Amino acid sequence: MNPVAETSTMETIQTTRSLTLVQAVTDALGTMLAEDDRVMLLGEDIGKNGGVFRATEGLQEKFGEDRVIDTPLSEAGIVGSSVGLAVNGMIPIVEIQFLGFVYPAYEQIATHVTRVRMRTMSKYTVPMVIRAPYGAGVRAPEIHSDSPESLFTHMPGIKVVCPSSPADAKGLLIAAIKDPDPVLFMEPMRLYRAVREEVPEGMYEVEIGKGKKVTEGDDVTVITWGAMVPVAKKAVEKAKAKGIQCDFIDMRTLFPLDRDIIAESVQKTGRVVVVHESHETTGVGNDILSIINKTSFLYMKAPIEKVTGFDVPVPFFALEDEYLPTPKRVEEAIEKVYTF
Amino acid sequence: MNPVAETSTMETIQTTRSLTLVQAVTDALGTMLAEDDRVMLLGEDIGKNGGVFRATEGLQEKFGEDRVIDTPLSEAGIVGSSVGLAVNGMIPIVEIQFLGFVYPAYEQIATHVTRVRMRTMSKYTVPMVIRAPYGAGVRAPEIHSDSPESLFTHMPGIKVVCPSSPADAKGLLIAAIKDPDPVLFMEPMRLYRAVREEVPEGMYEVEIGKGKKVTEGDDVTVITWGAMVPVAKKAVEKAKAKGIQCDFIDMRTLFPLDRDIIAESVQKTGRVVVVHESHETTGVGNDILSIINKTSFLYMKAPIEKVTGFDVPVPFFALEDEYLPTPKRVEEAIEKVYTF
Amino acid sequence: MEELYPITQYVNEEGKFTDDSIKEEITAELVHSFYYNMLRIRTFDRKAKSLQRQGRLGTYALFEGQEAAQVGSALSLKKDDWVFPTYRDHGAILTFGANMPKVLLYWNGRAEGNLHPDRNIFPPAVPIATQLPHAAGAAWADKRKGNKNVSIAYFGDGATSEGDFHEGMNFASVFKLPVVFFNQNNGYAISMPIEKQMNSKTIAQKSVAYGMPGIRIDGNDIFAVYFETKKAFDRARNGDGPTLIEAVTQRFGAHTTADDPTKYRDQYEVDSTRDQLDPLLRLERFMKEQKYWDGKWEQEISTQINKEIEEAIVEMENFPKANVEDLFDHVFAEMPWPLREQKEQYLQSVRRDQ
Amino acid sequence: MEELYPITQYVNEEGKFTDDSIKEEITAELVHSFYYNMLRIRTFDRKAKSLQRQGRLGTYALFEGQEAAQVGSALSLKKDDWVFPTYRDHGAILTFGANMPKVLLYWNGRAEGNLHPDRNIFPPAVPIATQLPHAAGAAWADKRKGNKNVSIAYFGDGATSEGDFHEGMNFASVFKLPVVFFNQNNGYAISMPIEKQMNSKTIAQKSVAYGMPGIRIDGNDIFAVYFETKKAFDRARNGDGPTLIEAVTQRFGAHTTADDPTKYRDQYEVDSTRDQLDPLLRLERFMKEQKYWDGKWEQEISTQINKEIEEAIVEMENFPKANVEDLFDHVFAEMPWPLREQKEQYLQSVRRDQ
Ligand SMILES: Cc1ncc(C[n+]2csc(CCOP(=O)(O)OP(=O)(O)O)c2C)c(N)n1
Ligand SMILES: Cc1ncc(C[n+]2csc(CCOP(=O)(O)OP(=O)(O)O)c2C)c(N)n1
Ligand SMILES: [Mg+2]
Ligand SMILES: [Mg+2]
C-alpha cells in the first residue's frame with residue numbers, strides 16, 4: 001500500500017503532499033517535463049485552459065508553449081504527429097479529452113503507434129503516452145463515458161494502465177512516460193477528485209504490470225481496477241461484515257496483466273469475482289478468466305462471477321447508474337461464488 | 001451441413017451451382033440488389049473494377065452506378081455517409097477493401113453505426129452491412145492481414161458474422177442484409193477461392209447466431225471459425241486417426257455466440273480447444289471461455305486450450321505462417337486436453 | 001483569401017441596411033418571425049442555464065450570441081428536410097420544430113430527448129464533426145428517392161480540424177448531394193481561438209478544396225443568414241449540389257455550464273462588445289429604424305414564450321422516470337441472449353429489494 | 001481554380017524549354033544525375049516486376065511513368081532529412097539513399113526491408129494518408145531541435161480523400177512545420193480516376209484550405225519537379241513552413257502486380273500516349289537537344305545499373321531466412337509475459353520436430 005516501498009528511484013523522495021488523483025497526474029507531468037526536455041504535452045485545451053479537468057493546470061505557463069501545446073481539434077492529427085515526434089526523438093504525452101473520443105485516432109494507434117517498433121525491428125520506437133479520463137458516473141453528456149480498454153489490450157504493442165489512487169497515478173504515469181514503448185494511461189474521471197492521499201514529492205515509479213493487494217482474505221478473490229475499486233471495496237466490506245474474507249486486488253495494469261498476483265490469490269481462494277465497468281463481452285474480465293483457466297484450473301471451487309457494464313452502449317446519464325456495477329451487484333456475486 | 005435445410009424462405013430454391021466463397025458473396029449481393037431497391041453497395045474499386053477480389057464483379061453493370069458506387073478513398077466517409085443513407089431509408093452494404101483498413105472508420109462504427117438505435121430509442125436504425133476480407137496467409141503486403149473481430153464483438157450494437165463455406169457465406173450474407181441492425185461480415189480472404197461447394201440459387205438465409213457442427217465426437221470439443229476451419233479440420237482428422245473423436249464446431253457468428261451449441265458439446269466432452277487467428281489477449285476465444293465458465297463449470301475435465309494468433313502484430317508475410325495457428329499446433333492442443 | 005470571401009452583410013450593427021438588394025423580399029411577417037424565434041430561443045437558453053444552476057438540468061451547452069445564425073438558417077427549412085445539429089444547436093432545432101420538453105430532457109440525460117415528432121432531427125453530434133458524413137448520406141438518400149428535400153449539417157469552427165469534416169465535404173461534392181454545411185464560426189473551440197485552430201483566414205475558403213461554393217456571412221445579421229442559407233437550399237433542391245456557409249458569430253457565454261471562460265479569454269472584452277454584436281439587439285434596432293417595432297407585440301410574445309417554456313419545464317419534470325428496461329431494449333431489434341440474460345438477471349437483482 | 005494553379009513546366013514533351021529562367025542553374029552534372037537516377041529506378045522497377053512474375057518477389061507496386069516525380073523530389077534532400085514514402089515510392093527512397101537489397105526484401109515480406117542504414121526513411125505508408133501527420137510530427141521535432149532538416153511526405157491523388165491528409169496538412173500549417181507534402185497525381189487510385197475521387201479540378205488548390213502555398217507542376221518534367229521541390233525545401237529550412245506540391249504524372253502500368261488495369265481503363269490509350277509522356281524519354285530528348293547526350297556514357301551507366309541490381313538481387317536472395325524469434329522480439333523493448341510464454345511454447349513445439 002505504500003508507494004514509496006515500490007519506488008525504484010528513491011533518493012529524491014523525502015516528503016509527501018496530500019493530492020487528489022488529478023493533482024497527482026499534474027504532479028507527474030510537471031515532474032517529467034522538468035526532468036526531460038524531450039517530453040512534450042499535446043492535446044485539446046490543455047494549455048491556457050489547463051485541460052477540461054485541469055490535469056495540465058499551470059504547466060504551459062511553467063514550461064512554455066513549445067512544450068505544452070494546445071492542438072487543433074484533431075485526434076488523428078495529434079496522435080499521428082506524435083508518432084513523427086516520437087521517432088524523431090521526442091517523448092509526446094497526448095491528452096485525449098475523453099477516452100471515448102479516441103476512436104478517430106484508432107487507426108493511428110492500431111497501425112502505427114503499436115507497430116512502428118515491429119515494422120522497423122526496433123530501429124524506430126514510439127515512447128508515447130496517451131492519457132485520457134474514462135468512464136461513467138459523473139452525469140456527463142452522452143458519449144463522454146466509455147471505457148474501451150479492450151480495444152487496446154487486444155492490439156499488441158501498447159501497454160494499458162489504469163490507476164485508482166493518487167499515489168499510484170503519479171508513480172504509474174512517471175513509469176509510463178519513462179517506458180520505451182507506448183502506454184495508454186486511463187484516468188478514472190469519477191475518482192479525479194473523489195479521494196485525497198499522501199503522494200510522495202519528486203520522482204518515483206510504480207512498476208507497470210504489477211497489481212496491488214488492497215485487502216487480504218482467504219475466501220473469495222475480488223479483482224478490479226480504476227473507478228470500480230471503491231465500488232468493489234464497499235462490497236468487500238459488506239461481505240466481511242457477513243464473515244466472508246476477500247482477497248481484493250486492484251489490477252492497475254490491464255496489459256500485461258499481473259498473472260502472478262491473480263494465480264497466487266485464486267489458488268488460495270478457489271472463488272473469484274471480477275468487476276469491471278466496460279461491457280462484458282470481449283471485456284478484459286475474460287482475459288482474467290483465461291489466466292485462471294491456464295494457471296489454476298484444478299483449484300477452482302466455483303464458476304467465476306463477473307460483474308460488469310452490460311453489453312449495451314454506455315447510456316445517457318439518467319440510466320448510467322443502472323449500467324454501472326454497484327456494490328450490491330458485487331456483493332451478490334461474492335455471495336454467489338462463496339456459497340456455490 | 002446442408003444449407004437448404006436451414007433456409008427460411010425455401011420456395012425459390014430449386015437448383016444449386018458450384019461456387020467459390022467469393023462467388024457466393026457476389027451471388028448474395030446480386031440476389032439482394034435485385035430483391036430490394038433500397039440496397040446500395042458502396043466501396044473503393046467495387047464498380048468498374050468489380051472489387052479488388054472481384055466480389056462485386058458485374059454488379060455495377062447490372063444494377064447501375066447509383067446502386068453500386070465507386071466511392072472516394074475514405075473509409076470514415078463511406079461508413080459515415082452510409083449512416084445517413086440508412087436512417088433515411090436505404091440499406092447500405094459497405095465494402096472495406098481489407099478489414100485492417102476499417103480503423104479510420106472505427107469512430108463512425110463505434111459511436112454511430114452501433115448507437116443510433118439506442119440514442120433514438122429505435123426511432124432511427126442502421127440496417128447496414130460492413131463486409132470485408134480479413135486474415136493472413138495469402139502473402140499479402142503488410143497490414144493487409146488483420147483479424148480484428150474483437151473490436152466489434154466488444155462494441156454493443158453490431159453483430160459479427162464469419163462464414164467458412166460458400167453456401168454459408170451466401171445464406172449468412174443475405175441474412176445480414178435483411179437484418180434490421182448492423183452486421184460486420186468478415187470474409188476469409190484465404191478461403192475466397194480455396195473451396196467450391198454447391199450453393200443454392202436464389203434467396204435463402206442461414207440464421208445469424210447459430211454455429212454448425214462439422215463433425216461429431218465425444219472426446220474433445222474443437223471450436224473455430226472462418227479461415228481457421230480448414231486448419232483445425234486437418235488437426236481433427238489427424239486426431240481421429242489417433243483415436244480421438246472431436247466434436248468440431250464452426251461458430252459462424254462471433255456476436256452473439258451460439259451458447260447452446262457450445263454448452264451442449266462441452267458438457268459432453270469436458271475438454272475444449274478453441275482456435276482463432278486473432279491475437280490471444282482479449283480475443284473472442286476468451287468469450288468462449290466465459291460461456292463455458294458460466295454454463296459448464298462442473299463438466300470440465302481439463303483446462304481449455306487456445307491456439308491463436310500470437311500477441312504480436314500480424315507480421316510481414318515472410319513470418320505469417322509462423323504467426324498463424326497450424327494444424328500441428330491444434331493437434332498438440334487436442335492431445336494436451338485429451339491426455340490431461 | 002479574405003478578399004475572395006468577403007463577409008456578406010445586409011444589415012449592420014446599427015440596424016441599418018448596408019445592402020438593400022433584399023429589401024423587396026422583406027415582409028413584416030418575416031421580420032416578426034425572426035424576432036419571435038430569436039427571442040424564444042434566447043429566453044429558452046437563459047432559462048436552461050438557470051435550471052442547470054439549480055441542479056434541475058445536467059451540464060448544458062449555451063448558444064447565446066448565436067441566435068441569428070441558428071434561427072436564420074433553420075427558418076427556410078421545409079418540414080421533411082433533415083437536420084444534423086451539434087450539442088449547441090437546439091436553438092436551430094427548436095426553430096425547425098423540435099419538441100421543447102424533449103430538448104430539456106436531452107439535457108437531463110434522457111434518450112427520449114432525441115424523439116422529436118414529425119421532424120427529421122438526428123441526435124446532436126457529440127463526437128465533433130461526425131455529422132457531416134451523416135448529412136451527406138441522408139441527402140444522398142433523398143437524391144436517390146428523387147424528392148426535393150435537403151439536409152443541413154451544423155458544426156463549429158473547431159470541427160473543421162477533424163477528418164470527418166473533410167471526408168463529408170468531399171463526399172457531398174463528388175456526389176453533388178443536396179446538403180448545406182452550415183458553420184457557426186463562434187471564434188472558439190472551448191478555449192481554442194480560431195487563429196490557433198487553423199492557418200486559413202476564413203473557413204469559407206476551405207470550400208475551394210472541394211470545388212464547392214463557399215459563402216462567408218455576418219452570422220449576427222439574420223438577414224444575411226436567412227437569405228444566403230435560403231439560396232443554398234434552393235441550389236441544393238435544384239440539383240446544384242452542396243454549399244459551405246461560414247456564419248461569423250460569437251459565443252457570449254461559456255462553452256458549457258462546466259466551462260470557465262475566464263481561464264482563456266478576456267470575458268470583459270466579450271461583455272463590453274456584446275451590446276454592439278448582439279444579434280437580437282441588432283434586429284431590434286433594425287425594426288425600430290424600419291418601423292416594424294411594436295412594444296405591445298413584443299410584450300405579448302415575451303409572455304407567450306415564457307409560458308411555453310414554463311410549461312415545457314413542467315412537462316420535462318413530470319416526465320416518467322427513466323425505465324431500466326430501456327437500457328437493454330434499444331440496442332438491437334431483437335435482444336441477443338447476452339443482453340436478454342443480463343437484463344433478466346439485473347431486473348431480478350433490483351426486484352429482490354422491492 | 002485551374003487558372004490559379006497553372007502547371008509549372010520548364011521543359012516540354014519534345015525536350016524543349018518552355019521557360020528557360022532556370023537555364024543558369026542547369027549543369028551537366030545535374031542533368032546527368034537526373035538521367036542516371038531515373039534510368040536506375042526504371043531498370044529496378046522493371047526488374048522487380050519480372051522477379052514477381054517469376055515468383056521471386058511478392059506482390060509489387062510499380063511506379064513506371066513516375067520517375068521524374070520521384071527522382072526530382074528526392075534529389076535535393078539532405079542526408080539528415082526525413083522521408084515518409086508510400087508503397088510506390090521506392091524510386092524516391094532509392095534516389096535518397098535507401099539500400100537496394102533492403103527494398104527488395106521489403107517486397108519479399110521482410111521487416112528487414114525497412115532498415116536502410118544512415119537514412120531517415122520511415123516504413124512505407126500502407127494505410128493510405130497516414131504518413132502525412134507523421135511527416136508533420138518529424139518536422140516538428142526538427143523544428144524544436146532547431147536544426148534545418150525537412151521532412152517530405154509522398155502520397156497519391158487518392159490519399160487526398162482521407163481524413164489523415166486533412167489533419168496532417170492542418171497541423172503542418174498551424175505549427176508552420178518544415179515539411180513538404182509531395183503529391184504524385186498519377187490520375188488513378190487503383191481503378192478510381194481522379195475525376196471521381198474529388199470534385200476539385202486540382203489537388204494544388206486544396207492548399208487554400210490551410211493557408212499554405214500550393215504548387216502544381218508537370219510531374220514528368222524533372223526540371224519542374226527538381227526546382228520547385230527545392231524551393232519548397234528552402235522555404236521549409238528557412239522557417240517559412242510547409243508547401244503542398246501536386247506533380248501531375250501517370251502510372252503506366254497496373255496498380256500492383258495483383259491488379260488488372262484493363263478492367264477499368266483503356267490500356268491502349270495509355271500505351272499509345274506513353275511515348276509522348278514518358279519522363280525519361282523527355283529528358284533524353286532534352287539532353288540530345290542541349291548536347292548533354294553521350295551514348296557511350298549511357299551504355300556505361302546502364303551496365304553499371306544492371307550490375308548493381310543483379311548484385312542486389314543476389315544479396316536479397318542470399319539473405320538469411322526470416323527468424324521466428326523476430327516475430328516476438330520487436331513488439332516491446334522488453335517482452336511482457338504473454339509474448340514470452342507464447343514464444344517459448346511455440347519454439348518448443350517447433351523444435352520438437354527437429
Ligand atoms: C472527437 C471529439 N473530440 C473532442 C471533443 C470535446 N469537445 C467538445 S466541444 C469541443 C469544441 C468544439 O468547438 P467548435 O467545433 O468550434 O464548436 P462550438 O463548441 O464552438 O460550438 C471539444 C473539443 C468531442 N466532443 N469530440
Ligand atoms: C486506409 C486504406 N484504405 C484502402 C487501402 C487500399 N488501397 C491501397 S492503394 C489504394 C489506392 C491509392 O491511390 P493513390 O493515393 O492515388 O496512390 P497510388 O496508388 O496511385 O500511388 C487503395 C485504395 C489502403 N491501403 N488503405
Ligand atoms: Mg466554436
Ligand atoms: Mg494515384
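In the text below, chain A, chain B and the rest are named by the order of the sequence lines, each starting its count at 1. Fair warning: this is a prediction, and the values are worked out from it, not measured in the lab.
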Handout entry: Exam field: side chain Lys123(B) to backbone His116(C), donor-acceptor pair closer than 3.5 Å
Key = yes

Exercise for the section: Identify which of Glu167(C), Glu112(C), Lys143(C), His330(C) forms the greatest number of heavy-atom pairs closer than 4.5 Å to chain B. Expected result: His330(C)

Problem - side-chain contact (heavy atoms from CB on, under 4.5 Å) between Trp140(C) and Ile69(B), worked out - result: CA-CA 12 Å; Trp140(C) 199 347; Ile69(B) 298 136; 3.8 Å; yes

Problem - Residue part contacting chain B, namely of Val331(C), when any heavy atom lies under 4.5 Å - result: both

Handout entry: Segment of Leu339(C) engaging chain B (4.5 angstrom heavy-atom cut-off)
Key = side chain

Handout entry: Nearest heavy-atom neighbours spanning Phe171(C) and Gly77(B)
Key = CZ-C, 3.6 Å

Practice task
Look at Pro180(B), Pro72(B), Ala86(B) and state which one has the largest set of heavy-atom pairs under 4.5 Å with chain C.
Solution key: Pro72(B)

Practice task
Determine which residues belonging to residues 253-262 of chain B lie within contact range of chain C, meaning some heavy atom pair is under 4.5 Å apart, and list them by number or answer 'none'.
Solution key: Phe255(B), Pro256(B), Leu257(B), Arg259(B)

Handout entry: Residue Arg115(B) versus chain C: region with a heavy atom under 4.5 Å
Key = neither

Problem - Portion of Glu162(C) that has a non-hydrogen atom of chain B nearer than 4.5 angstrom - result: neither

Practice task
Mind listing the closest non-hydrogen atom pair of Ala333(C) and Asp181(B) along with its distance?
Solution key: N-OD2, 2.6 Å

Handout entry: Derivation of the side-chain contact (heavy atoms from CB on, under 4.5 Å) call for Asp179(B) and Phe332(C)
Key = CA-CA 10 Å; Asp179(B) 196 286; Phe332(C) 294 97; 5.8 Å; no

Practice task
Look at the side chain of Tyr124(B) and the backbone N and O of Pro123(C), then say whether any donor-acceptor pair between them is shorter than 3.5 Å.
Solution key: no

Problem - Atom group of Asn120(C) that falls short of 4.5 Å from chain B, counting heavy atoms - result: both

Handout entry: Flag if over 12 foreign heavy atoms under 6.0 Å of NZ, Lys268(B)
Key = yes

Problem - Options Ala125(C), Ser151(C), Gly163(C), Pro133(C), ranked by heavy-atom pairs under 4.5 Å with chain B, top entry - result: Pro133(C)

Problem - Side-chain H-bond candidate by donor/acceptor type, His134(C) with Gln108(B), under 3.5 Å - result: yes

Exercise for the section: Taking atom OH of Tyr299(B) as the centre, report whether more than 12 heavy atoms of other residues, nucleotides or ligands fall under 6.0 Å from it. Expected result: no

Problem - From Glu334(C) atom CD to Ile208(B) atom CD1, the distance as rounded to the nearest 0.5 Å - result: 11.5 Å

Problem - From CA spacing to verdict: side-chain contact (heavy atoms from CB on, under 4.5 Å), Val126(C), Arg119(B) - result: CA-CA 11 Å; Val126(C) 174; Arg119(B) 297 179 70 209; 4.2 Å; yes

Problem - Donor-acceptor under 3.5 Å (Glu107(B) side chain, Thr130(C) main chain) - result: no

Completion exercise
Cut-off 4.5 Å, heavy atoms of chain B, and the answer for Gln131(C) is neither

Handout entry: Residue pair Glu341(C) / Lys294(B), side-chain heavy-atom distance below 4.5 Å
Key = yes

Practice task
Give, as side chain, backbone, both or neither, the part of Thr125(B) having an atom under 4.5 angstrom from any heavy atom of chain C.
Solution key: neither

Practice task
Name the region of Thr111(B), side chain, backbone, both or neither, that has any atom closer than 4.5 Å to a heavy atom of chain C.
Solution key: side chain

Completion exercise
Most contact-rich option vs chain C, by heavy-atom pairs under 4.5 angstrom, among Lys159(B), Arg117(B), Met118(B), is Arg117(B)

Handout entry: chain B contacts, top residue of Pro127(C), Ala135(C), Pro338(C) (heavy-atom pairs, under 4.5 Å)
Key = Pro127(C)

Handout entry: More than 12 heavy atoms from other groups under 6.0 Å of CD on Glu325(C)
Key = yes

Exercise for the section: Apply side-chain contact (heavy atoms from CB on, under 4.5 Å) to the pair Val116(B) and Phe122(C), showing each step before the final yes or no. Expected result: CA-CA 9 Å; Val116(B) 166; Phe122(C) 200 78; 3.8 Å; yes

Problem - Within 6.0 angstrom of Lys145(C) NZ, more than 12 heavy atoms from elsewhere - result: yes

Practice task
Could you tell me whether the side chain of Asp326(C) reaches within less than 4.5 Å of the side chain of Met121(B), counting heavy atoms only?
Solution key: yes

Practice task
Check whether more than 12 heavy atoms from other residues, nucleotides or ligands sit under 6.0 Å from atom CD of Glu65(B), and answer yes or no.
Solution key: no

Practice task
Could you tell me whether Asp37(B) and Arg144(C) have a side-chain N and a carboxylate O separated by less than 4.0 Å?
Solution key: yes

Exercise for the section: Rounded to the nearest 0.5 Å, what's the gap from CG on Asp164(C) to OG on Ser81(B)? Could you check? Expected result: 10.5 Å

Fill in the blank from the handout: Listed by number, the residues in residues 87-102 of chain B that come under 4.5 Å of chain C (heavy atom to heavy atom) are Val87(B), Asn88(B), Met90(B)

